[in-house]
There are 2 protein chains.
Amino acid sequence: MPTPRTPRRTRTDAERNRDRVLEAARALFAESGHDVQMAEVARAASVGIGTLYRKFPTREALIEAIAERRTADLVAEARRLADTGDPAQGLAGFLYHVGQVLAEDRGMSEVIEKAMGSAEPRGETREALLTVVAELLGRARARGTVGQDVTAGDVNIVICGLAAVTRNAAGDWQRYVEIALDGLHPR
Amino acid sequence: MPTPRTPRRTRTDAERNRDRVLEAARALFAESGHDVQMAEVARAASVGIGTLYRKFPTREALIEAIAERRTADLVAEARRLADTGDPAQGLAGFLYHVGQVLAEDRGMSEVIEKAMGSAEPRGETREALLTVVAELLGRARARGTVGQDVTAGDVNIVICGLAAVTRNAAGDWQRYVEIALDGLHPR
DNA sequence: CGGAATCCGGAGTCCATATTCCGTATTATG
DNA sequence: CATAATACGGAATATGGACTCCGGATTCCG
């Protein structure tokens with residue numbers, strides 16, 4: 001009789017290492033963007049390169065895993081703001097929040113720039129982000145905070161630009177948000 | 001008696017090849033950004049790799065040479081717009097012009113994003129660009145097209161964002177310019 | 001033309017990095 | 001504990017691409 005298969009529990013050290021890698025990579029990517037060397041990630045995680053690759057078979061996979069997480073956080077915050085009735089928050093609050101996050105995370109600014117810009121936002125999380133943003137916009141429009149003619153696409157390109165600004169003129173992103181918000185206001 | 005040095009004229013084929021490289025690189029960079037392979041540039045220029053490297057000892061040097069040229073063109077156009085008295089032109093006209101150019105030149109969008117964003121715009125041409133933009137802003141402010149509180153830095157970050165938009169959402173950059181311009185308008 | 005003086009081409013060198021492989025070490029069960 | 005099942009580390013390998021080198025081709029000058 002073959003295949004008695006009793007699937008053991010995942011080894012605790014394996015799980016711990018996975019977390020270490022994720023955390024180290026998150027920090028490095030935030031600091032220097034996605035072109036960090038895999039070896040450096042392994043070192044920062046106090047893990048062998050072999051282990052790193054067992055967890056994430058490809059650099060792409062690692063980047064993707066982290067992008068997914070962080071995007072989910074963004075979505076969560078957007079939902080929170082959407083539910084909060086606070087008029088001062090909503091879309092505007094979200095833009096400031098995104099600016100804050102991207103200014104401290106170069107890797108994410110790269111992810112978001114692409115996600116908001118291009119027409120192929122692979123991954124359901126990235127899709128979810130577009131959805132909440134659209135909802136945020138809907139509320140803002142209903143409240144009269146932004147013009148009736150403002151589209152979701154408009155907001156997306158504003159965020160796309162925001163990503164570039166946080167990446168290159170880290171100190172002035174708030175001013176950028178102000179200008180963009182003014183530009184979206186009903187005339 | 002050594003060193004009688006009679007410096008010959010540059011060989012015509014050498015000059016021709018230099019132009020070919022410059023043109024080929026411009027086209028390739030415009031199409032795919034700066035991460036094109038040197039070998040590909042040589043091929044496109046119908047020139048050997050050795051020749052390519054004799055003209056431009058480094059990939060950096062090649063990129064720089066082209067960036068310089070194209071930036072100079074931008075400066076020239078800005079000057080033209082500044083001198084034209086047409087109220088409809090000026091800063092606004094320049095932003096549309098930049099959008100147009102960057103939308104068709106990925107390489108330039110990379111250059112401009114950095115030039116307008118960071119605080120170290122190496123090269124006098126890049127410096128000149130900042131200067132004309134400031135002048136354009138001055139006139140727009142005088143004319144009341146933009147708010148009195150708008151600074152040169154504000155315009156720079158707007159252009160920085162524009163670069164990202166042309167690169168990722170090529171179709172919507174005009175809308176971005178509209179929004180930004182609205183955002184800069186006096187309230 | 002003749003022969004320097006200059007250039008040209010592109011195979012080959014070199015190096016940085018991602019990714020693989022496998023002998024050991026660690027952990028989960030019974 | 002014994003032992004199979006899993007995971008680990010990191011040297012070794014594979015790959016991609018920038019840059020070098022030099023014998024051969026061109027062009028300039030008198």
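Residue numbering restarts at 1 for every chain, and letters A, B, ... go by the order of the sequence lines.
Between B:Leu62 atom CG and D:dA18 atom P the separation is 11 Å, expressed in whole Å. Rounded to whole Å, atom P of D:dT20 lies 10 Å from atom CE of B:Met38. Whole-Å rounding puts the A:Leu52 CG to C:dT20 P distance at 12 Å. Nucleotide D:dA18 holds its C1' atom 17 Å from the NE2 atom of B:His34, rounded to whole Å. Straight-line distance from the CZ atom of A:Arg18 to the P atom of C:dT27: 19 Å, rounded to whole Å. Whole-Å rounding puts the A:Asp19 CG to D:dC8 P distance at 12 Å. The separation between B:Tyr53 atom OH and C:dG12 atom P is 18 Å, rounded to whole Å. Rounded to whole Å, the distance from CD on A:Gln37 to C1' on C:dA16 is 7 Å.
Side-chain atoms of B:Arg80 and B:Thr84, non-hydrogen and from C-beta on, do get closer than 4.5 Å to each other.
Not a single donor-acceptor pair under 3.5 Å links the side chain of A:Thr51 to the backbone N or O of A:Val47. Although no hydrogens or angles enter the test, the distance criterion places no donor-acceptor pair under 3.5 Å between the side chain of B:His34 and the main chain of B:Ile63.
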What string of B, S and - do you get for nucleotides 22-28 of chain D, 5' to 3', if B is base contact, S is sugar-phosphate-only contact and - is no contact with any protein heavy atom under 4.0 Å?
----BBB
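Ion pairing of A:Glu64 with A:Arg126 is present here, as a side-chain N (NZ or NE/NH1/NH2) and a carboxylate O approach within less than 4.0 Å. The pair A:Glu113-B:Arg167 meets the salt-bridge criterion, since a charged nitrogen lies less than 4.0 angstrom from a carboxylate oxygen.
By the 6.0 Å contact criterion, CZ on B:Arg16 is enclosed, its count of non-hydrogen atoms from other residues, nucleotides or ligands being greater than 12.
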Could you tabulate the donor-acceptor pairs under 3.5 Å formed by side-chain atoms of residues 152-161 of chain A, not counting sequence neighbours?
from, atom 1, to, atom 2, distance (Å)
A:Asp154, OD1, A:Thr151, OG1, 3.3
A:Asp154, OD1, B:Arg175, NE, 3.1
A:Asp154, OD2, A:Thr151, N, 3.0
A:Asp154, OD2, B:Arg175, NE, 3.0
A:Asp154, OD2, B:Arg175, NH2, 2.9

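Between C:dC8 and B:Lys55, a contact under 4.0 Å exists linking OP1 or OP2 to a side-chain N or O. Neither OP1 nor OP2 of C:dC7 sits under 4.0 Å from any side-chain N or O of B:Thr51. OP1 or OP2 of C:dC8 lies within a sub-4.0 Å distance of a side-chain N or O belonging to B:Asn17.
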